[in-house]
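Here is the structure we will look at.
As the structure is a prediction and not an experimental result, all values here were calculated from the model. Starting from 1, each residue takes its place in the sequence as its number. When reading the values below, keep in mind they use all heavy atoms of this one structure, side chains included, and skip hydrogens, waters and symmetry mates.
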Amino acid sequence: SSIALALGMASLRVVIPCLVGGALVLYVVRQKFVGREALNIDPPTEELEVDDEGVALEDLSAPSTAQGHSRGHVRRRPASGRRGPLAKIHVKSFGCSHNTSDAEFMAGLLQEYGYQLVDSVDDADLCLYNSCTVKNPSQEAVVNLVQSAANKDKSVVLAGCVPQGDRSVAGVHQASLLGVTQIDRVVEVVEETLKGNRVVLLAKKALPSLDLPKIRHNRLVEIVPVNTGCLGNCSYCKTKHARGTLGSYTKAAILKRINDAIEDGVTQVWLTSEDLGAYGLDIGTNIAELLDEIVEILPQHVMLRLGMTNPPYMLQHVKSLGRVLQHPQVFEFLHVPVQSGSDRVLHKMVREYTVQDFDALVEGIQQFVPQATIATDIICGFPSETEQDHQETLELLKRWQLPAVNISQFYPRPGTPAASMAKLDSRVVKQRSREVTELFNSYSTTGGLRGKVVKAWFDEYDKKRGQIVGHTKQYTKVVVPALGPEALGSCQMVEVVDTSKWHIVGKLVASAA
């Protein structure tokens with residue numbers, strides 16, 4: 001039975017010895033307290049040693065008696081490497097900026113606890129991989145890394161969308177698994193894994209706090225997740241299985257995170273989510289209200305970049321969005337994945353908008369900021385896509401000549417409705433992908449900038465090429481070979497001396513700071 005104690009402490013671990021089938025099993029129960037009232041956590045019925053919240057410890061050297069895991073479990077294996085705060089941890093993340101932010105939070109928690117972060121797998125006692133499940137190649141890449149690390153006798157924790165979307169994914173049976181809403185418990189999982197236990201902690205819970213320590217991948221850029229999940233049900237999407245339905249952070253929490261990051265010295269704030277336009281619909285607010293409050297607190301040296309949005313919800317706020325993009329401290333950039341130029345294919349994808357909706361959003365933005373960078377995604381060869389559908393996609397790209405297009409062939413993701421649809425001939429898919437790529441490469445969106453003087457905000461230094469990297473107000477990439485890393489975080493006026501498909505080259509004219 002549960003043990004309930006009323007003590008003035010935050011938590012207490014209670015070890016309950018029990019005889020099960022003639023064997024001694026230790027049930028470890030953590031009691032959590034709010035004020036003087038205990039939150040009781042029952043030990044599970046499985047014959048396992050359990051940690052808090054029903055997480056069980058199982059000896060890998062003995063046959064398993066557990067059939068699955070409802071909330072989470074741990075399997076014990078022989079300990080390897082150093083344990084405790086002196087251990088070295090290698091952290092690597094895949095996928096979107098939301099994943100990057102999650103990895104930064106986990107790295108911050110680990111370092112705060114006392115673990116040492118290292119760049120090399122060979123130097124690590126444990127490898128933490130934060131995974132992406134959008135495409136087969138991204139999942140295969142992280143599975144290969146997990147197996148490679150395990151072959152080197154490294155302890156491994158696999159976090160992110162891959163285990164959250166499919167806890168039975170093949171090839172990671174020796175790795176501990178950490179879900180997307182459980183990142184604030186990464187220290188516990190790493191600690192147990194270093195002891196030789198395999199932890200599975202995939203239960204969905206409330207969103208992790210934004211008020212967590214962070215080790216930024218780029219010290220000048222703060223990535224702020226404003227919401228997670230979405231309201232859609234796209235037939236090809238595996239991310240929904242991992243991130244779930246829409247969950248928004250409060251405006252107060254977001255604004256506090258931004259203010260704290262600015263005090264830390266960041267010069268750019270990126271908003272990230274699975275669908276920025278849906279922000280707040282679950283908590284009685286909306287993206288327009290959030291953006292208005294964010295721009296009010298931005299100091300003059302800090303720029304704001306918006307993330308990905310789908311057309312349906314952002315289209316309702318296109319005028320407010322346009323005004324925000326006009327703000328001098330907001331990059332004129334938005335990622336709007338259209339996926340196909342065919343309404344018939346969009347219907348098969350269950351995208352919940354039409355090509356006309358996409359056109360209306362792009363046109364509405366350009367009425368306020370004509371040179372805005374609109375990035376999009378195209379999936380080539382979706383099941384049932386006809387030649388006519390393909391031609392309609394080409395026509396959409398010809399119509400808008402967008403400066404950034406992520407082109408991919410259709411990958412059937414296990415467990416999604418699209419995975420059971422009849423696939424097109426791979427030769428047809430590859431040919432259509434080539435045609436979309438050739439069309440994209442046939443036009444230039446930077447040529448008109450040659451000879452002009454533009455303002456650029458610098459946040460990266462390319463050591464290999466010896467040049468500083470920044471972006472214009474329209475988020476066009478600009479490199480200046482003559483500027484060194486001392487200019488990082490600054491805003492400079494540069495003359496454009498050369499252009500290419502992907503970036504422009506500039507020379508310093510004057511500081512704009």
Side-chain angles (χ1 to χ4, degrees), residues 97 218 220-221 267-268 270 303-308 322 325-338 362-363 365-378 394-408 433-513:
S97 58
N218 183 330
L220 298 173
V221 176
T267 58
Q268 293 184 25
W270 296 0
M303 294 294 290
L304 176 70
R305 196 193 82 166
L306 308 187
M308 184 179 73
L325 292 174
Q326 287 178 327
H327 193 281
Q329 289 152 257
V330 180
F331 288 117
E332 296 172 15
F333 170 87
L334 194 65
H335 180 194
V336 188
V338 67
V362 175
E363 184 177 358
I365 292 171
Q366 291 187 348
Q367 286 178 355
F368 288 87
V369 278
Q371 303 304 316
T373 292
I374 307 295
T376 199
D377 301 347
I378 296 292
L394 294 175
E395 287 301 318
L396 181 145
L397 291 180
K398 290 176 184 177
R399 182 162 66 250
W400 292 112
Q401 296 196 3
L402 301 174
V405 181
N406 303 311
I407 304 164
S408 65
S433 177
R434 281 194 294 268
E435 291 178 8
V436 172
T437 302
E438 289 170 359
L439 173 58
F440 173 66
N441 289 331
S442 69
Y443 61 83
S444 172
T445 59
T446 62
L449 294 175
R450 186 187 295 269
K452 293 187 176 181
V453 175
V454 298
K455 185 182 291 188
W457 289 262
F458 295 100
D459 67 309
E460 295 181 61
Y461 186 74
D462 186 342
K463 293 181 180 179
K464 182 178 180 180
R465 297 176 177 83
Q467 58 191 17
I468 198 167
V469 181
H471 294 84
T472 68
K473 177 72 160 62
Q474 293 73 36
Y475 213 70
T476 300
K477 182 179 177 180
V478 53
V479 299
V480 180
L483 280 179
E486 68 279 357
L488 285 172
S490 70
C491 178
Q492 310 280 350
M493 301 301 297
V494 299
E495 180 183 351
V496 179
V497 297
D498 197 7
T499 65
S500 72
K501 178 69 176 178
W502 299 105
H503 69 274
I504 59 178
V505 180
K507 66 177 182 180
L508 182 63
V509 174
S511 172

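- Distance alone, capped at 3.5 Å, is enough to place a donor-acceptor pair between the Lys501 side chain and the Phe440 backbone.
- In this structure the side chain of Ser408 never reaches within 4.5 angstrom of the side chain of Asp377, judged on heavy atoms.
- Closest approach of Lys455 to Cys491, counting heavy atoms only: CG-SG, 3.1 Å.
- Using a distance-only test at 3.5 Å, with no hydrogens or angles considered, no donor-acceptor pair links the side chain of Tyr475 to the main chain of Ile374.
- Between Thr472 and Ile504 the shortest side-chain heavy-atom distance falls below 4.5 Å.
- In plain terms, the two heavy atoms of Val478 and Ala456 that are nearest each other are CG1-CB, 3.6 Å.
- Across Leu488 and Ile468, no two heavy atoms sit closer than the pair N-CD1, 3.7 Å.
- For the pair Lys473 and Phe333, the cation does not sit on the ring face, since its NZ or CZ is not both under 6.0 Å from the ring centre and inside 45° of the axis.
- With rounding to the nearest 0.5 Å, the separation of CG in Leu402 from CG in Leu396 is 7.0 Å.
- Within the 4.5 Å cutoff, no side-chain heavy atoms of Gln268 are placed close to those of Leu220.
- Trp457 has its side chain out of reach of Thr267: every pair of non-hydrogen atoms, C-beta onward, lies at least 4.5 Å apart.
- Residues Lys398 and Glu395 form a side-chain contact, since some pair of their non-hydrogen atoms from C-beta on lies under 4.5 Å apart.
- The two residues Pro481 and Gly506 have their closest heavy-atom pair at CD-O, 3.9 Å.
- Summarising the geometry, atom CG belonging to Leu306 is positioned 11.0 Å from atom CD belonging to Glu332; distances are rounded to the nearest 0.5 Å.
- Within the 4.5 Å cutoff, the side chain of Trp400 has heavy atoms near those of the Glu363 side chain.
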| request: Evaluate the side-chain contact (heavy atoms from CB on, under 4.5 Å) criterion for residues Thr476 and Thr445: first the C-alpha distance (whole Å), next the side-chain angles of each, then the deciding distance (0.1 Å), finally the verdict. | output: CA-CA 10 Å; Thr476 300; Thr445 59; over 6 Å; no
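- The backbone N or O of Phe368 sits less than 3.5 Å from a side-chain atom of Gln326, completing a donor-acceptor pair.
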| Step by step, would you call Leu508 with Leu483 a side-chain contact (heavy atoms from CB on, under 4.5 Å)? | CA-CA 8 Å; Leu508 182 63; Leu483 280 179; 4.0 Å; yes
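- Arg305 CZ to His471 NE2: the interatomic distance, rounded to the nearest 0.5 Å, is 7.5 Å.
- Minimum heavy-atom separation, Met308 to Pro337: CG-CD, 3.7 Å.
- The distance from the CD atom of Gln467 to the NE2 atom of His503 is 6.5 Å, given to the nearest 0.5 Å.
- A side-chain donor from one of Gln492 and Ser490 sits under 3.5 Å from a side-chain acceptor of the other.
- Panel note: side chain Asn218, backbone Asp459; a donor-acceptor pair is recorded below 3.5 Å.
- Contact check for Thr446 versus Ser500: no side-chain heavy atoms found under the 4.5 Å cut-off.
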| Verdict with reasoning, Val469 to Lys477, per side-chain contact (heavy atoms from CB on, under 4.5 Å) | CA-CA 7 Å; Val469 181; Lys477 182 179 177 180; 3.7 Å; yes
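- A search for side chain to side chain donor-acceptor pair (under 3.5 Å) contacts involving His327 returns nothing, not counting sequence neighbours.
- A distance of 7.5 Å separates CG of Leu397 from CD1 of Ile407, quoted to the nearest 0.5 Å.
- Distance check: Leu325 CG to Gln371 CD gives 13.5 Å after rounding to the nearest 0.5 Å.
- With hydrogens and angles ignored, the 3.5 Å screen pairs no side-chain donor or acceptor of Thr499 with any backbone N or O of Arg450.
- Looking only at side-chain heavy atoms (C-beta outward), Asp462 and Val479 stay at 4.5 Å or farther from each other.
- In this structure, Leu334 and Gly307 approach most closely via the heavy-atom pair CD1-O, 3.5 Å.
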